[in-house]
Amino acid sequence: MHRYANPGRVLRLSRTLVPWLGAATALLIAAGAYLALVASPADYQQGESVRIMYVHVPAAWMAMFCYAILAGASAVGLIWKHPVAELAAKATAPIGASFTFLALLTGSLWGKPMWGTWWVWDARLTSVLILFFLYLGYMALHSAFDDPARGAKAAAIMALVGFVNVPIIKFSVDWWYTLHQPASVFRIGGPTIDASMLLPLGVMAAGFTTYYFYVVLLRLRAEIVAGKIKALRLRQVYG
Amino acid sequence: MEAGALSAFLAMGGYAAYVWPAFAVTAVVLIGLLVASVRSVRCREADLARLRAELREKSEDPTGEA
């Protein structure tokens, strides 16, 4: 773990991995889109509208995956003062916010034809909206202080407190009566959806995951370089 | 693809107004975030290179203030 405390090592790692992650992301998402829009069957109840699932569900998974990373990296940053972990948390937030926004928006576009409404204030939808606000709050708090270290600390604490929302989102469909359907992939007893739908879902989810690592390494690199610029400027003034 | 097949594909069984915007917004958001991230890396790496060159010049010039 401490090997990655060295920003120089992370920069080198980023330079090596980014091209491969970019290529993998392009291939997986292109294949996923083909499978989702062309090769997979329409649903016997939902017709062609079921194709929205192939972006909605992976986006919602990524929204929670990114928050778990945000909270985990924030904890490592707070406890061990690990500089790269702090920057990784900061780099993750906008990606997680984007996935959460997409989960909400594509869910709305799917809800209108299937439920007859764009939005309901039920447990699943409301807890995901709170997740979106947690991301926005994290980013706002991060930049709200003149001293960036204080902003990072305050935002990290907020990310940890907000983590309580993640299990609430996951189990909201079991704990409360909701319009949203229960889990059909990550459930005890295995997936209940057909393999012809599981494949495009899996390929798209894999593409979204490599997208996350691709973009987070780019953003992490930008943060590390920004830190170097700041250090050089200080040396220029005081040095 | 035949014209009929293409228009059937585009019609998405009557759900075109929901399916296509869902995929389009996903593409726009993911590509937008990627482009912004790549730009910020390039911009900052160029800044760092410029700053380093500046500092090197100053350290080579003994009459300079640095």
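Naming convention: chains lettered A, B, ... in sequence-line order (proteins, then strands); numbering from 1 in each chain.
- Proximity to chain A (any heavy atom under 4.5 Å) is shown, for B:Y18, by both the backbone and the side chain.
- Of the listed residues (B:S37, B:G13, B:C43), the one with the most heavy-atom contacts under 4.5 Å to chain A is B:S37.
- At a heavy-atom cut-off of under 4.5 Å, chain B is reached by no residue from residues 59-69 of chain A.
- Enclosure of atom OH in A:Y34 is not indicated, since only 12 or fewer non-hydrogen atoms of other residues, nucleotides or ligands lie within 6.0 angstrom.
- B:L48 has its side chain within reach of A:L232: a pair of non-hydrogen atoms, C-beta onward, lies under 4.5 Å apart.
- Between B:L30 and A:F208 the shortest heavy-atom distance is CD1-CE1, 3.9 Å.
- Heavy-atom distances place both the backbone and the side chain of A:L37 under 4.5 Å from chain B.
- Within 6.0 Å of CZ on A:R15 lie more than 12 heavy atoms contributed by other residues, nucleotides or ligands.
- Of all non-hydrogen atoms in A:L218 and B:V41, the two that sit nearest each other are O-CG2, 2.9 Å.
- No donor-acceptor pair under 3.5 Å is formed between the side chain of B:R44 and the backbone N or O of A:A226.
- Heavy-atom neighbours of chain B within the stretch residues 95-118 of chain A, taken at a separation under 4.5 angstrom, comprise A:I95, A:S98, A:F99, A:F101, A:L102, A:L105, A:T106, A:L109, A:K112, A:P113, A:M114, A:W118.
- Residues B:F23 and A:A36 approach most closely at CZ-CB, 4.1 Å, considering heavy atoms.
- Within the 4.5 angstrom heavy-atom criterion, only side-chain atoms of A:M204, from C-beta onward, approach chain B.
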